[in-house]
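None of these values were measured; they are calculated from a predicted model.
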Amino acid sequence: MKKNHYVLLSAASLLLLTSCSGKLGALSADNFTVTPNPLETETGKVPTTINGTFPEKYMKKKAVVTVMPELRYADGQVAKGQGATFQGEKVQGNDQTILYQVGGRYNIKSTFDYLNCNKADMYLTFNAKVGKKTVKVPDVKVAEGIIATSELYKSTLKSAAAAIAPDAFQRINAQKQEANIKFLIQQATLRQSELKNNSVQEFVRLLAQINNDREGLRLNEVEVSAYASPDGGFSLNDRLAADRQKNTEKYVQQELKKAQLADASIDAKYTAEDWEGFQELVKASNIQDKDVILRVLSMYKDPQEREQQIKNISSAFRELADGILPQLRRSRMIINYETVGRSDEQIQQQMKDDATKLSVEEMLYAATLVDDVNAKEDVYKATTEIYPNDARAYNNIASMEYAKGNIAAAKQYLEKAQQLSSSLPEAAANLGMIALMNGDIQSAETFIAKANGANGLEEVLGNLNLAKGNYAQAEQDFKDVYSNSAALAQILNKNYASAAVTLKYIKNPDATTEYLKAVLSARMGNNSDAADALRAALAKDPSLSQYAKYDLELKNVAK
């Protein structure tokens with residue numbers, strides 16, 4: 001019994017001596033709460049909030065303690081965070097004061113660099129003095145491990161689609177050619193001099209050409225529109241315009257028959273008083289009173305009133321009679337036809353026989369007819385040999401190199417594309433993707449800002465927003481896109497149902513696809529499915545095993 005009293009007395013004496021000495025005791029993890037715990041990456045950083053407590057009778061009245069958080073990675077790297085300094089109640093300073101008798105609470109927000117390793121522990125270190133004497137306070141481990149799922153965007157970028165500069169090839173192109181015939185005042189006769197004008201002769205030649213090239217040219221219809229000028233009475237103009245239509249239509253029928261195209265349809269119509277054409281010609285003229293004339297046209301809708309008001313402007317009417325009205329006594333003949341380009345098979349055969357006979361648009365289109373990345377790249381390289389100044393081909397070679405993981409080569413081709421055309425938006429978008437892959441979000445934003453109008457820009461923006469931590473916006477950008485990046489955005493946005501659909505329909509699933517399936521299944525509590533997906537991922541890429549070993553997303557999944 002006496003022995004027990006002696007032990008208790010000794011312990012009490014030791015506590016008294018410690019509290020009165022210049023030493024500071026050890027702190028434990030119980031004195032700290034870390035949020036989030038476990039830690040989690042965010043745009044290449046590891047942010048955290050530390051809520052700490054100095055216990056009662058801990059902070060000596062003359063003590064100054066700096067709390068410094070640091071992240072210690074398993075590979076030996078250390079990332080320093082932002083700390084805070086606290087002082088005892090007798091210290092003259094500007095730091096937060098902690099009372100000796102009651103202790104105190106504090107809050108520290110800190111951010112660490114993520115150093116590409118999810119095995120890391122967070123420690124708090126202490127720089128402490130009591131008076132002028134430095135005292136040792138042991139480090140305290142306050143958090144273990146990092147959830148680094150958001151950083152998987154660098155892996156998803158490897159299978160992301162680079163922007164392909166599109167071709168402008170169209171197999172069938174709508175075309176039209178117009179010819180004009182003028183008539184003398186109050187006449188509807190087709191004059192030989194008018195039938196020999198250049199536009200009419202080109203009209204006749206095109207009909208013959210369409211007949212001779214039935215594969216390359218296709219006639220749809222011929223339009224005939226006849227007009228009378230708006231001077232004179234309406235009845236006279238109506239009869240004149242109708243006769244002009246009839247005579248012109250008859251001429252067209254004769255020419256179609258000569259060209260062996262008699263079965264072609266003719267759409268014929270006439271306009272009794274061509275006020276619309278009149279207004280257009282006046283607007284384009286240098287007539288002295290044209291503003292007055294245009295004002296009359298806007299003020300009066302009745303044709304007779306319009307004509308009378310214009311005639312009242314005597315000097316202007318003489319100019320109209322000489323320069324404007326004769327041009328409105330006319331008929332128009334329009335051939336509506338289509339040019340028909342090579343078929344897919346013909347383009348592919350021409351590539352083999354002699355690619356120099358293909359247009360640049362046909363060559364760029366030819367690359368879309370093959371699925372193999374190397375075969376596509378061969379077509380694009382052939383395009384640069386025949387059309388060395390077309391930036392699109394260089395950009396598209398870069399896209400193929402990107403798909404093969406040859407990022408340095410891709411960048412060289414993109415720089416060549418930009419030399420040829422600094423405004424090519426797809427090249428800027430792809431340079432942005434490469435910057436993202438290197439973790440340089442700021443440079444990526446600069447490049448992508450110049451990619452307005454780029455083919456596939458929404459998907460590029462999705463990857464940018466994913467890297468920036470804007471998961472909801474990224475998910476919206478990836479609408480209708482089935483890719484690893486799209487699935488990751490949905491997982492991080494906790495839209496697990498959509499992520500499952502996206503992962504299911506990825507065209508060429510790779511190791512990252514399977515790994516995302518494992519993470520998704522684990523988050524949904526399906527650990528058996530997660531284990532199967534993880535095994536599939538490691539079979540495709542064994543190098544993932546080290547990351548998976550310490551991935552807290554998979555802590556309950558059999559490995």
Side-chain angles (χ1 to χ4, degrees), residues 10-42 44-148 550 552:
S10 298
S13 300
L14 180 61
L15 180 61
L16 181 63
L17 288 171
T18 301
S19 64
C20 296
S21 70
K23 295 182 179 180
L24 293 172
L27 295 168
S28 74
D30 293 336
N31 297 117
F32 305 97
T33 301
V34 175
T35 305
N37 194 0
L39 302 171
E40 191 164 355
T41 56
E42 186 177 301
K45 302 290 184 180
V46 184
T48 185
T49 299
I50 303 158
N51 291 296
T53 302
F54 285 116
E56 299 174 5
K57 299 182 180 180
Y58 180 85
M59 181 66 75
K60 307 300 182 185
K61 295 182 179 181
K62 293 184 179 181
V64 176
V65 179
T66 298
V67 182
M68 179 65 65
E70 63 182 35
L71 204 53
R72 299 175 185 176
Y73 288 90
D75 59 4
Q77 298 183 90
V78 176
K80 300 285 188 179
Q82 298 81 35
T85 300
F86 307 92
Q87 63 188 33
E89 56 195 270
K90 287 189 176 181
V91 176
Q92 298 296 316
N94 297 319
D95 299 308
Q96 181 180 339
T97 299
I98 305 296
L99 300 178
Y100 175 73
Q101 288 293 336
V102 298
R105 299 178 182 276
Y106 57 91
N107 175 285
I108 300 175
K109 290 185 180 295
S110 193
T111 301
F112 307 95
D113 290 326
Y114 177 66
L115 303 179
N116 297 316
C117 176
N118 57 353
K119 173 60 176 171
D121 298 328
M122 190 174 94
Y123 282 81
L124 297 181
T125 63
F126 304 90
N127 183 358
K129 287 185 176 181
V130 178
K132 295 182 179 181
K133 184 178 180 181
T134 299
V135 296
K136 174 67 175 175
V137 177
D139 300 347
V140 180
K141 179 179 174 181
V142 292
E144 183 175 341
I146 303 172
I147 295 176
Y550 298 110
L552 296 179

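- Residues passing the side-chain contact (heavy atoms from CB on, under 4.5 Å) test with Ala120, sequence neighbours excluded: Leu71, Tyr73, Ile146.
- Remark: Phe54 pairs with Tyr58, Phe86, Tyr106 by the ring pair (Phe, Tyr, Trp, His ring centres under 6.0 Å) rule, at least two apart or across chains.
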Go through it in stages, so that I can follow the logic: the residues are Tyr100 and Lys57, the test is side chain to side chain contact (heavy atoms under 4.5 Å, CB included), and I'd like the CA-CA distance, side-chain angles, deciding distance and then a yes or no. CA-CA 5 Å; Tyr100 175 73; Lys57 299 182 180 180; 3.6 Å; yes
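- Looking at residues two or more places apart in sequence or on another chain, you find a side-chain hydrogen bond (donor to acceptor under 3.5 Å, both in side chains) between Gln77 and Asp75.
- Considering every non-hydrogen atom in both Pro47 and Pro36, the closest pair reads O-CD, 3.8 Å.
- In this structure, CG in Leu99 is found 5.0 Å from CD in Glu89, a value given to the nearest 0.5 Å.
- Scored by the side-chain hydrogen bond (donor to acceptor under 3.5 Å, both in side chains) test, Asp139 finds Arg72 as partners (sequence neighbours excluded).
- Once rounded to the nearest 0.5 Å, the distance linking CG of Leu39 with CE of Met122 reads 6.0 Å.
- In terms of the side-chain contact (heavy atoms from CB on, under 4.5 Å) criterion, residue partners of Ile147 (sequence neighbours excluded) are, by chain and number, Pro38, Glu40, Thr149, Leu552, Glu553.
- Not counting sequence neighbours, the partners of Val91 by the side-chain contact (heavy atoms from CB on, under 4.5 Å) test are Val64, Gln87.
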Table please: side-chain donor-acceptor pairs of residues 109-119 below 3.5 Å, with sequence neighbours left out.
unit_1, atom_1, unit_2, atom_2, d
Lys109, NZ, Thr49, OG1, 3.4
Ser110, OG, Gln82, N, 2.6
Ser110, OG, Gln82, O, 3.4
Ser110, OG, Gln82, OE1, 3.3
Asp113, OD1, Lys45, NZ, 2.3
Tyr114, OH, Cys117, N, 3.3
Asn118, ND2, Tyr547, O, 3.1

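- Annotation: Glu70, atom CD; neighbour count of heavy atoms from other residues, nucleotides and ligands within 6.0 Å is above 12.
- Looking at every heavy atom in both residues, Asn31 comes nearest to Pro55 through ND2-CG, 3.7 Å.
- By the side-chain contact (heavy atoms from CB on, under 4.5 Å) test, Arg105 pairs with Thr53, sequence neighbours left out.
- Every salt bridge (charged side-chain N to carboxylate O under 4.0 Å, His left out) that Lys141 has, sequence neighbours left out, goes to Asp121, Glu144.
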Do Met68 and Asn127 pass the side chain to side chain contact (heavy atoms under 4.5 Å, CB included) test, and can you show the C-alpha distance, the side-chain angles, and the key distance before you say yes or no? CA-CA 8 Å; Met68 179 65 65; Asn127 183 358; over 6 Å; no
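- Every residue was checked against the side-chain hydrogen bond (donor to acceptor under 3.5 Å, both in side chains) condition with Thr125, not counting sequence neighbours, and none meets it.
- Judged as a ring pair (Phe, Tyr, Trp, His ring centres under 6.0 Å), not a single pair has a partner in residues 128-148 (not counting sequence neighbours).
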Could you walk me through whether Ile50 and Val142 pass side chain to side chain contact (heavy atoms under 4.5 Å, CB included), step by step? CA-CA 9 Å; Ile50 303 158; Val142 292; 5.8 Å; no
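- Residues satisfying the side-chain hydrogen bond (donor to acceptor under 3.5 Å, both in side chains) criterion with Asn51, sequence neighbours excluded, are Asn107.
- Considering all non-hydrogen atoms of both residues, Ala128 and Leu24 come closest at CB-CD1, 3.8 Å.
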